[in-house]
Q: 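My questions all concern the structure below.
What you are looking at is a predicted structure, and each value in this text was computed from that prediction instead of being measured. Chain identifiers are assigned alphabetically (A, B, ...) following the order of the sequence lines, protein sequences preceding nucleic acid strands; residue numbering begins at 1 within each chain.
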Amino acid sequence: VYHYSNVISTCRNAGEWRRALDVHSEMVSAGVAPNQITYNSLISACETGGEWRNALALLGDMRRAGIEADVFTYSALISALEKGGQRERAFEAFEEALREGVRPNVVTFSSLMCACANDGEIDQGLELLAQMKALGVRPNMFTYGALISACEKAGEWERAFELDSQMRREGMDGNDVTYSSLISACEKGGQWKLAFEVFERMQRAGVQPTNVTYNALISACHKGGQARRAFGVFDSMRKAGFTPDEYTFNALISACAASGEWRAALRIYKLMGRSEPPVKPNEVTLNALLDALWAGRQYHKCARIMAGLRDAGHVVG
RNA sequence: UCUAUAAAGUCCCAG
């Protein structure tokens, strides 16, 4: 069991949910009975693969095999449902855990709050916050990260700031994730100046930004129609020793498109391939680039790119 | 004490 569970866990870490399930069948046919940890690892493998149906099926298998589901099981399952966009089912799993006498912990609650975040359900997330506190479960930065993210999705940047303050009142300082989420909340609310303020506050607090932080800030410039500032962020990002990734380039090209700077968009596009290491353009890149060219009335260039895609065997709609 | 298992943030378009 130990060995098989270990292998399943490795598949999970590699994002190979199908192989994890294969190993499961293999162990069963070899006469080795999976235990609770095996199942939890399997559910987790499905979680990372977005396979919520399989995750639910595994819980059924577990029951039939007479293996008890614990807080790890339910947390992984809720997370799998969350990643699959199944908020209702995630709540059902949560209620089932309560019925079964499994005590939810901060991971369980935070995962469920992520499901709320995906749908921009701030109030439902706040109800969970109250519920967890009533049960004596302490929120952490994952919890607040999820709540801030819910505000972001709902376009309620003011409430995102309120939650950030509440988090601080509870003695937490915020980390790269909560700051990046707050920047994204500003971005969605069209508050690019505030996004920069948050970024400065983050630096003053000594919290190290990540690529995600910079990408979120560039995106805030994009939404605010501030292409020049987006380039400024791009420069400081590189000066700070970060390696721009595909999100960075795509956000930059989008910023160019929004400001009608199709030449700059093309320049960035070319820069991707020359960057070290080279960054491959993806579908988003091309859509953003076509957007920029189209807005700049460069129809012949659009046509050329689309023809190139067709030649490369892509389906162009 | 050691152990094989769980959670949050960033890109175009659409919504």
Q: Find the distance A:M202:CE to B:U10:C1' and express it as a whole number of Å.
A: 12 Å
Q: Calculate the interatomic distance between A:N118 atom CG and B:U10 atom C1'; express it in whole Å.
A: 15 Å
Q: Got a sec, which residues hit ring-ring contact (aromatic ring centres under 6.0 Å, His included) with A:H222, two or more places apart in sequence or on another chain?
A: none
Q: Would a line drawn from the ring center of A:F242 to the ring center of A:Y214 be shorter than 6.0 Å?
A: yes
Q: Using only heavy-atom distances, determine whether the side chains of A:R12 and A:S44 contain a donor-acceptor pair under 3.5 Å.
A: yes
Q: The side chain of A:A251 lies closest to which of these nucleotides: B:U10, B:A6, B:C11?
A: B:C11
Q: Under the side-chain contact (heavy atoms from CB on, under 4.5 Å) test, which residues partner A:E261, sequence neighbours left out?
A: A:A227, A:C256, A:S259, A:A264
Q: Contact class for A:S180 (heavy atom, under 4.0 Å): base, sugar-phosphate, or nothing?
A: base
Q: Would you kindly give the CD-to-P distance between A:Q208 and B:G9, to the nearest whole Å?
A: 21 Å
Q: Would you say B:U10 has OP1 or OP2 under 4.0 Å from some side-chain N or O of A:K153?
A: yes
Q: Would you indicate what A:N250 reaches in the nucleic acid, counting non-hydrogen atoms under 4.0 angstrom: base, sugar-phosphate, or nothing?
A: base
Q: With a non-hydrogen cut-off below 4.0 angstrom, is A:S75 in contact with a base, only sugar-phosphate, or nothing?
A: base
Q: Base, sugar-phosphate, or nothing for A:D176, non-hydrogen atoms under 4.0 angstrom?
A: base
Q: By the 4.0 Å heavy-atom rule, please label A:E283 as base, sugar-phosphate, or nothing.
A: nothing
Q: Given B:A6, B:C11, B:G9, which nucleotide is nearest the side-chain atoms of A:S79?
A: B:A6
Q: For the residue pair A:Y39 and A:H24, is the inter-centroid distance of their aromatic rings smaller than 6.0 Å?
A: yes
Q: Of the nucleotides B:U3, B:U10, B:A7, which has the atom closest to the A:Y2 side chain?
A: B:U3
Q: Find the distance A:N13:CG to B:A6:P and express it as a whole number of Å.
A: 7 Å
Q: Judged by modelled atom types alone, do A:E100 and A:Y74 share a side-chain donor-acceptor pair under 3.5 Å?
A: no
Q: From the options B:A7, B:A4, B:C12, select the nucleotide whose nearest atom is closest to the side chain of A:S9.
A: B:A4
Q: On a plain distance test, is the side chain of A:N105 in donor-acceptor contact with the base of B:A6 below 3.5 Å?
A: yes
Q: Can you measure A:I218 atom CD1 to B:C12 atom C1' for me and round it to whole angstrom units?
A: 15 Å
Q: In residues 157-170 of chain A, what residues come within less than 4.0 Å of RNA chain B, judged by heavy atoms?
A: none
Q: Have a look at A:D245 and say if it touches a base, only the backbone sugar-phosphate, or nothing, with a 4.0 Å heavy-atom cut-off.
A: nothing
Q: Can you check nucleotides 13-15 of chain B for protein contacts, nitrogen or oxygen pairs under 3.5 Å, and list what you find?
A:
none

Q: How would you list all residue pairs meeting side-chain hydrogen bond (donor to acceptor under 3.5 Å, both in side chains) that involve residues 296-308 of chain A, not counting sequence neighbours?
A: none
Q: Between the base of B:A4 and the side chain of A:N40, is there any donor-acceptor pair under 3.5 Å?
A: no
Q: Classify A:S41 by what it touches in the nucleic acid, base, sugar-phosphate, or nothing, heavy-atom distance under 4.0 Å.
A: sugar-phosphate
Q: Return the nearest nucleotide to the side chain of A:V212; candidates are B:A7, B:G9, B:A4.
A: B:G9
Q: Ignoring hydrogens, what is the shortest heavy-atom contact between A:V32 and A:V1? Give both atom names and the distance.
A: CG1-N, 3.6 Å
Q: For A:L271 and B:C11, what is the distance between atoms CG and P respectively, to the nearest whole Å?
A: 21 Å
Q: For A:S110, report the nucleic acid contact type (base, sugar-phosphate, nothing); a contact means any heavy atom under 4.0 Å.
A: base
Q: Check the distance between B:C12's C1' and A:W262's CH2 and give it to me in whole angstrom.
A: 20 Å
Q: Report which part of the nucleic acid A:T210 touches: base, sugar-phosphate, or nothing (heavy-atom distance under 4.0 Å, all strands).
A: base
Q: Please identify each residue that fulfils side-chain contact (heavy atoms from CB on, under 4.5 Å) with A:R274, with sequence neighbours left out.
A: A:K270, A:L271
Q: To the nearest angstrom, how far is A:N282 atom CG from B:C11 atom C1'?
A: 8 Å
Q: Whether A:K83 contacts B:A8 is assessed here as follows: a side-chain N or O lying under 4.0 Å from the phosphate OP1 or OP2. Is that the case?
A: yes
Q: Ignoring hydrogens and geometry beyond distance, is a side-chain donor-acceptor pair present between A:E82 and A:S111 at under 3.5 Å?
A: no
Q: When you get a sec, tell me which of B:C12, B:G9, B:A4 is the closest nucleotide to the side chain of A:V284?
A: B:C12
Q: Scan A:T213 against the nucleic acid and name what it touches under 4.0 Å (heavy atoms): base, sugar-phosphate only, or nothing.
A: base
Q: Considering every strand and a 4.0 Å limit on heavy-atom distances, what is the contact class for A:M113: base, sugar-phosphate, or nothing?
A: nothing
Q: Select one nucleotide: of B:G9, B:A4, B:A7, the one nearest the side-chain heavy atoms of A:R12.
A: B:A7
Q: Between B:U5, B:A8, B:A7, which one does the side chain of A:N140 approach most closely?
A: B:A7
Q: Treat each ILVMFWY residue as a node, draw an edge where side-chain heavy atoms are under 4.5 Å apart, and state whether A:L77 and A:I67 are in one component.
A: yes
Q: What does A:N175 touch in the nucleic acid at a heavy-atom separation under 4.0 angstrom: a base, only the sugar-phosphate, or nothing?
A: base
Q: NA contact type, A:N35, heavy-atom cut-off 4.0 Å: base, sugar-phosphate, or nothing?
A: base
Q: Are more than 12 heavy atoms, taken from residues, nucleotides or ligands other than A:R18, located less than 6.0 Å from that residue's CZ atom?
A: no
Q: For B:G9 and A:K188 - does any side-chain N or O of the residue sit under 4.0 Å from the phosphate oxygens OP1/OP2?
A: no
